[in-house]
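Have a look at the structure below before the remarks.
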Amino acid sequence: MNLMLYLATVLIWGSTWIAIAWQLGPIPIEVSVLYRFALAALALFALLTVSGKFPRLPWAGQRYAALLGALLFSTNFLCFYHATLYIPSGMSAVIFASASIFNGLNLWLFEGKRPGLRWLQGSLLGLVGTLLLFWPVLADAQLGANGWKGLLFACGGTLCFSLGNLVSARGQRQGYHVLQMVPWGMVYGVVLLLGWVTLLGQSLTLPTDPRYLAAMVYLAIFGSVIAFTAYLTLVGRIGPSKAAYATVLFPLVALTLSTFYEGFVWQPVSVVGVVVSLIGNLVIFTPPVKAWRWPLARATNGTCP
């Protein structure tokens with residue numbers, strides 16, 4: 001079961017980056033993110049209601065849903081949509097792959113779980129790899145400023161995603177199911193986005209461009225409802241650090257699509273950067289040889305953290 005959740009997360013989220021790029025332009029980013037999660041929340045509530053599993057969430061659990069809404073279902077995506085204005089979507093995916101680094105830091109800061117030597121080694125490799133990937137963009141005098149903007153937005157989105165991981169894991173430890181927290185989290189996210197759109201004075205217009213509409217439906221149903229449910233279920237089963245293993249393969253899928261659809265050019269230093277970044281993530285997650293055991297193949301009968 002864990003392996004199926006892992007594969008669904010990798011394949012869907014690895015392809016959503018290009019769909020995000022297709023949503024840029026016709027209307028403000030904030031409105032696009034609002035439409036995405038309004039549709040996702042509506043679809044998820046409808047699905048659960050029809051199946052007789054309406055997500056009743058006690059008041060004590062609403063705080064977890066509200067935090068998920070603020071971190072995962074609004075701010076996170078506002079950052080990544082803005083990042084894609086300045087850098088290719090595949091590069092955003094590489095930054096997102098550093099979620100394991102952010103998770104380690106946040107677990108240390110908020111739960112007192114100090115990272116080990118392997119995490120430090122992997123984090124250093126991941127940082128070097130990311131800088132190498134971005135070097136051709138940042139070194140270009142004309143694209144340097146935009147490259148830095150994209151980098152900062154992507155890092156901000158990854159930080160929000162990581163904090164959302166911790167919130168989800170803690171909520172599940174308190175006995176709240178993913179399918180209780182996620183739908184309500186999306187509702188809170190939509191409310192926050194609606195408030196922000198109102199403050200900015202943006203109008204709620206819906207483009208008629210077929211590609212935009214197709215991207216919105218894909219992002220709402222597959223990228224939000226299915227992938228988030230699969231990923232946050234993994235977070236509850238195997239913990240935030242191991243669940244972030246899914247992000248290791250995102251860049252390969254995303255950069256491949258970016259090459260065909262956005263004209264991303266692979267330079268030698270870019271190839272080295274992606275390889276080094278992936279190795280860094282693998283170092284973090286791969287246990288010592290003596291203790292090798294594929295984390296997602298473990299039974300879930302209480303042995304997972």
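Residues Val182 and Val50 do not share a hydrophobic cluster, clusters being chains of Ile/Leu/Val/Met/Phe/Trp/Tyr side chains in contact below 4.5 Å. A continuous path of hydrophobic side-chain contacts links Leu200 to Leu78 [ILVMFWY only; heavy atoms under 4.5 Å]. Residues Val178 and Leu47 do not share a hydrophobic cluster, clusters being chains of Ile/Leu/Val/Met/Phe/Trp/Tyr side chains in contact below 4.5 Å. Residues Leu57 and Leu48 share a hydrophobic cluster, clusters being chains of Ile/Leu/Val/Met/Phe/Trp/Tyr side chains in contact below 4.5 Å. Under the 4.5 Å side-chain heavy-atom criterion for Ile, Leu, Val, Met, Phe, Trp and Tyr, Phe80 and Leu24 are members of the same hydrophobic cluster.
Considering CG of Leu85 and CD1 of Ile20, their distance stands at 11.0 Å, rounded to 0.5 Å. Rounding to the nearest 0.5 angstrom, the gap separating the SG atom in Cys160 from the CG atom in Asn165 is 11.5 Å. Going from atom OG1 of Thr84 over to atom CH2 of Trp22 covers 13.5 Å, rounded to the nearest 0.5 Å. The line from CZ of Arg63 to CE of Met181 is 11.5 Å long, rounded to the nearest 0.5 Å. Atom-to-atom distance recorded for Ile29:CD1 and Cys79:SG is 10.5 Å, nearest 0.5 angstrom. Taken to the nearest 0.5 Å, the CG atom of Leu159 stands 13.0 Å off from the CD1 atom of Ile95.
Shown here are the ring pair (Phe, Tyr, Trp, His ring centres under 6.0 Å) partners of Tyr81, two or more places apart in sequence or in another chain: there are none. Taking Phe110 as the reference, nothing meets the ring pair (Phe, Tyr, Trp, His ring centres under 6.0 Å) condition, with sequence neighbours excluded. Residues that satisfy the salt bridge (charged side-chain N to carboxylate O under 4.0 Å, His left out) test with Arg211, not counting sequence neighbours, are absent from this structure. Residues meeting the ring pair (Phe, Tyr, Trp, His ring centres under 6.0 Å) test with Phe153, sequence neighbours left out: His82.
Residues Leu68 and Gly164 share a closest heavy-atom pair of CD2-O, 3.5 Å. The minimum heavy-atom distance between Ala38 and Val190, with the atom names listed, is N-CG2, 3.5 Å. When all heavy atoms of Gly157 and Asn76 are compared, the closest pair comes out as O-OD1, 3.1 Å. Leu213 approaches Pro207 most closely through the heavy-atom pair CD2-O, 3.4 Å. In terms of heavy atoms, Ala70 sits closest to Thr75 at O-OG1, 2.7 Å.
Sorted by first and then second residue, the side-chain hydrogen bond (donor to acceptor under 3.5 Å, both in side chains) pairs with a member in residues 187-203 read Glu30-Gln202, Gln62-Tyr188; sequence neighbours excluded.
In summary, the aromatic rings of Phe77 and Phe37 are positioned with their centroids under 6.0 Å apart.
Between Leu71 and Phe161 the shortest side-chain heavy-atom distance does not fall below 4.5 Å. Residues Leu204 and Leu34 form a side-chain contact, since some pair of their non-hydrogen atoms from C-beta on lies under 4.5 Å apart. Counting heavy atoms from C-beta on, the side chains of Tyr176 and Trp184 never come closer than 4.5 Å. At a threshold of 4.5 Å between non-hydrogen side-chain atoms, the residues Pro55 and His177 do not count as touching. Looking only at side-chain heavy atoms (C-beta outward), Leu151 and Cys155 come within less than 4.5 Å of each other.
Tyr64 places no side-chain N or O within donor-acceptor distance of the main-chain N or O of Ala169, the cut-off being under 3.5 Å. Checking side-chain atoms of Ser74 against main-chain N and O of Leu193 turns up no donor-acceptor pair under 3.5 Å. In this structure, the side chain of Ser162 does not engage the main chain of Thr158 through any donor-acceptor pair within 3.5 Å.
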For residues 215-225, run the donor-acceptor check on the side chains, cut-off 3.5 Å, and write out each pair with its distance to 0.1 Å, sequence neighbours left out.
unit_1	atom_1	unit_2	atom_2	d
Tyr218	OH	Ser15	OG	2.5
Ser224	OG	Arg36	NE	2.9
Ser224	OG	Arg36	NH2	3.4
Ser224	OG	Leu219	O	2.9

